[in-house]
Every structure is written in C-alpha cells, then in structure tokens.
Amino acid sequence: MKITMIGHSTTWIEADGAKILTDPYFGTWGNPAYKRLAPPAKSREACGDVDLVLVSHNHWDHVDRQFLRALPESVPVITPKRAKWLTQLSGAKHPVGLAPWESKEFGQVTITAVPALHPALAGGFVIQAEGKCIYFAGDTYYGTFMDEIGHRFTIDVALIPVTTFRIPMTMGEKAAMRAVIDLEPNVVIPIHLAVQPRSPLLRTNHTPEGFARRVKGAKLAAEVVLLKEGESWSS
C-alpha cells in the first residue's frame, strides 16, 4: 500500500492493484479569500488513469469540476449520499452515494462511509484493502463518531485535517489530538495544508508540526508522518 501526497486533501492511494484519488483539487491560485501555497504534485491529466475517486464534500478546494468532467463513466466517484446530486452537478458521470456506515465493494477494495462534522454535506471514508485500513476524514471537526470509527475499525493510517483558521473549517492541533486518541491509528498523515487565508488576520499559529509535537508529548503510539507535495508513505 502506498499513499502519495498530491497536495491539500488530494492523495493518491495505491492498494490491491487499485488507484484511488481523494478530494481532487488541482487549482493553483486558490480563490479571492484563500491562496494556494504550493502547486499539486501531479496534474489532472496525470491522474486520469484513476480507478476510484472519493469526494468528501463539494467545497471548492475539494472537488475539481474540470477533472470530474474528464473522467470516463466507468470510474465511480464515491460521495456522501446526501451530496450525490451536488457531486453530479460538479461533473461526476458515475456518482455513488453512500450513507453513514454503508459499505460497498469495488473489486478488492471496500469503501465505508462514515460521519463528519462540517458546514457542508460532508462525510469521511474508510478504505479497506490488502488487509489494511485507511481513514480519510475529508474536512471535519472533532466528533464523538470518531470513537465509534476507532471501535469498528483497526485504523492503520488516518488522513486527517489538523490546521485551522480564525473561522475554523477543520480541526486545530488540540482537536486533532483528541481524534488520534479515539481512532488509535498506527500512522497519522495530516491533510488540508495547501491553502491559507490571504489576510494575516485570519491565520492562526496551528501547524502540522505543532500537532506532531503534541502527539509526541502526550506519548501517543501514533506516528505522525508529514508529507509534502510529491512525497509518499508505504506500508
């Protein structure tokens, strides 16, 4: 199993012969309020041979309309059931909506939708392949559902957002550490790192490095792996 950071919350997962892409976002500028800090490691075209796409929600920095419109109808785009219509409007030709705790097999890979807390029709996903388990949180605040995820699954790798802004859209350092306590993963890979408010007034001092120090200071068993664009982790 190999996980490559494309950038922000876009990761390329190779497992059991399948290529899985999470929250595709290939924009390089951002938007008027947020700037992109680094370009994605791979282009839309380079990710076109994907087998499965996961879309946690339809905010601008998690769904790339141009990429979805270019995908062939044979590629399933997995999305929270309530957001299926939005994902279809965003260009997905083969959207598959899953309700919380609903599972579906795609070849040798099993995808289970899990809850999320976010100002959007959002969800997370658990990916099971090669006898291992990856939790992709998308965007979410801390929630008690994470304890249930930790009880239902043995998490090998957790991909979770661990930075925040003055108007928090994801977990900060403390909330992310609470998530790690509940999930009990072997490895944590921080995501949601490639955009920043253009106004310094909306920035905080929360960083993935600060989160890693908190995890180490609390003597949690999880290993925090910080991946820059283009870097990979393998099991």
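Pairing each heavy atom of P161 with each of A176, the nearest pair is O-CB, 4.2 Å. Here the closest heavy-atom approach between residue A222 and residue V180 is recorded as CB-CG1, 3.8 Å. Listed here is the closest heavy atom pair of T28 and P39: CG2-CB, 4.4 Å. Nearest heavy-atom pair, T170 versus T164, reported as atom, atom and distance to 0.1 Å: O-OG1, 3.7 Å. Minimum heavy-atom separation, A41 to G230: CB-N, 3.3 Å. Between A116 and G124, the closest heavy-atom pair is CB-N, 4.1 Å.
The backbone N or O of A18 sits nowhere less than 3.5 Å from a side-chain atom of D16 that would complete a donor-acceptor pair. No side-chain donor-acceptor contact under 3.5 Å links H192 to the backbone of S9. A donor-acceptor distance shorter than 3.5 angstrom exists from the side chain of R198 to the backbone of N31, with no hydrogens or angles considered. Here the side chain of H118 pairs a donor or acceptor atom with the backbone of M169 at under 3.5 angstrom. Side-chain atoms of T4 do not come within 3.5 Å of backbone N or O of S232 as any donor-acceptor pair. The closest donor-acceptor contact from the side chain of K2 to the backbone of S235 lies at 3.5 Å or more, if one exists at all. Proximity of a side-chain donor or acceptor of T163 to a complementary backbone N or O of G172 within less than 3.5 Å is not detected. Between the side chain of E130 and the backbone N or O of M1 there is at least one donor-acceptor pair closer than 3.5 Å.
Between N186 and E223 the shortest side-chain heavy-atom distance does not fall below 4.5 Å. Counting heavy atoms from C-beta outward, I20 and V50 have side chains that stay 4.5 Å or more apart. Counting heavy atoms from C-beta outward, L183 and F153 have side chains that stay 4.5 Å or more apart. Counting heavy atoms from C-beta on, the side chains of C133 and T154 never come closer than 4.5 Å. In this structure, R166 and R203 have side chains that are not in contact, with every pair of non-hydrogen atoms separated by 4.5 Å or more. Side-chain contact between M146 and T140: present, with at least one pair of heavy atoms (C-beta onward) separated by less than 4.5 Å. Side chains of V75 and V53 form a contact here, defined as non-hydrogen atoms less than 4.5 Å apart. V114 has its side chain within reach of W101: a pair of non-hydrogen atoms, C-beta onward, lies under 4.5 Å apart.
For the residue pair T110/S103, the side-chain donor-acceptor check at 3.5 Å is not satisfied. Side-chain contact, D23 with S56: a donor N or O sits under 3.5 Å from an acceptor N or O. There is no side-chain donor-acceptor pair under 3.5 Å between Y135 and D156.
Using the six-membered ring where Trp is involved, Y25 and H8 have ring planes that are perpendicular, over 60° apart on the 30 and 60° scheme.
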Any chance you could lay out the side chain to side chain contact (heavy atoms under 4.5 Å, CB included) test for V195 and L37, step after step, and finish with the verdict?
CA-CA 6 Å; V195 299; L37 298 175; over 6 Å; no
Verdict with reasoning, V77 to H94, per side chain to side chain contact (heavy atoms under 4.5 Å, CB included)
CA-CA 6 Å; V77 179; H94 184 183; 5.7 Å; no
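Counted within 6.0 Å of CD on Q108, heavy atoms from surrounding residues, nucleotides or ligands total 12 or fewer; the atom is thus considered open. Atom CZ of R178 has 12 or fewer heavy atoms from other residues, nucleotides or ligands within 6.0 Å.
One distance of note links OH of Y34 with CG of D61; it measures 8.5 Å at 0.5 Å rounding. For the atom pair CD of Q196 and CZ of F165, the computed distance is 7.5 Å after rounding to the nearest 0.5 Å. Atom CD of Q128 and atom OG1 of T112 lie 5.0 Å apart (nearest 0.5 Å). Between W233 atom CH2 and L227 atom CG the span is 10.0 Å, to the nearest 0.5 Å. Rounding to the nearest 0.5 Å places CD1 of I191 at 4.5 Å from CZ of F136. The line from CD of Q66 to CG of L68 is 10.5 Å long, rounded to the nearest 0.5 Å.
Comment: E173 engages R214 in a salt bridge, judged by a side-chain N to carboxylate O separation of less than 4.0 angstrom. Between E209 and R213 no salt bridge is recorded (no basic side-chain N to carboxylate O distance below 4.0 Å).
Both V187 and M5 are part of a single hydrophobic cluster, where members link through side-chain heavy atoms under 4.5 Å apart. Under the 4.5 Å side-chain heavy-atom criterion for ILVMFWY residues, no single connected hydrophobic cluster contains both I6 and L226. Hydrophobic clustering places L52 together with F125 (ILVMFWY residues linked when any side-chain heavy atoms are closer than 4.5 Å, directly or through intermediates). There is a path of hydrophobic side-chain contacts, each under 4.5 Å, that joins M171 to V126. I134 and I78 end up in the same hydrophobic cluster when Ile, Leu, Val, Met, Phe, Trp and Tyr side chains are linked at under 4.5 Å.
For the pair K42 and W12, the cation-pi criterion (under 6.0 Å, within 45° of the ring axis) is fulfilled. Judged by a 6.0 Å distance limit and a 45° cone about the ring axis, R36 is not positioned over the six-membered ring of W60.
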Could you tabulate the donor-acceptor pairs under 3.5 Å formed by side-chain atoms of residues 83-92, not counting sequence neighbours?
| unit_1 | atom_1 | unit_2 | atom_2 | d |
| --- | --- | --- | --- | --- |
| W85 | NE1 | R82 | O | 3.1 |
| T87 | OG1 | N58 | ND2 | 3.3 |
| T87 | OG1 | T79 | OG1 | 2.9 |
| T87 | OG1 | A83 | O | 3.2 |
| S90 | OG | N58 | OD1 | 3.3 |
| S90 | OG | L86 | O | 3.0 |

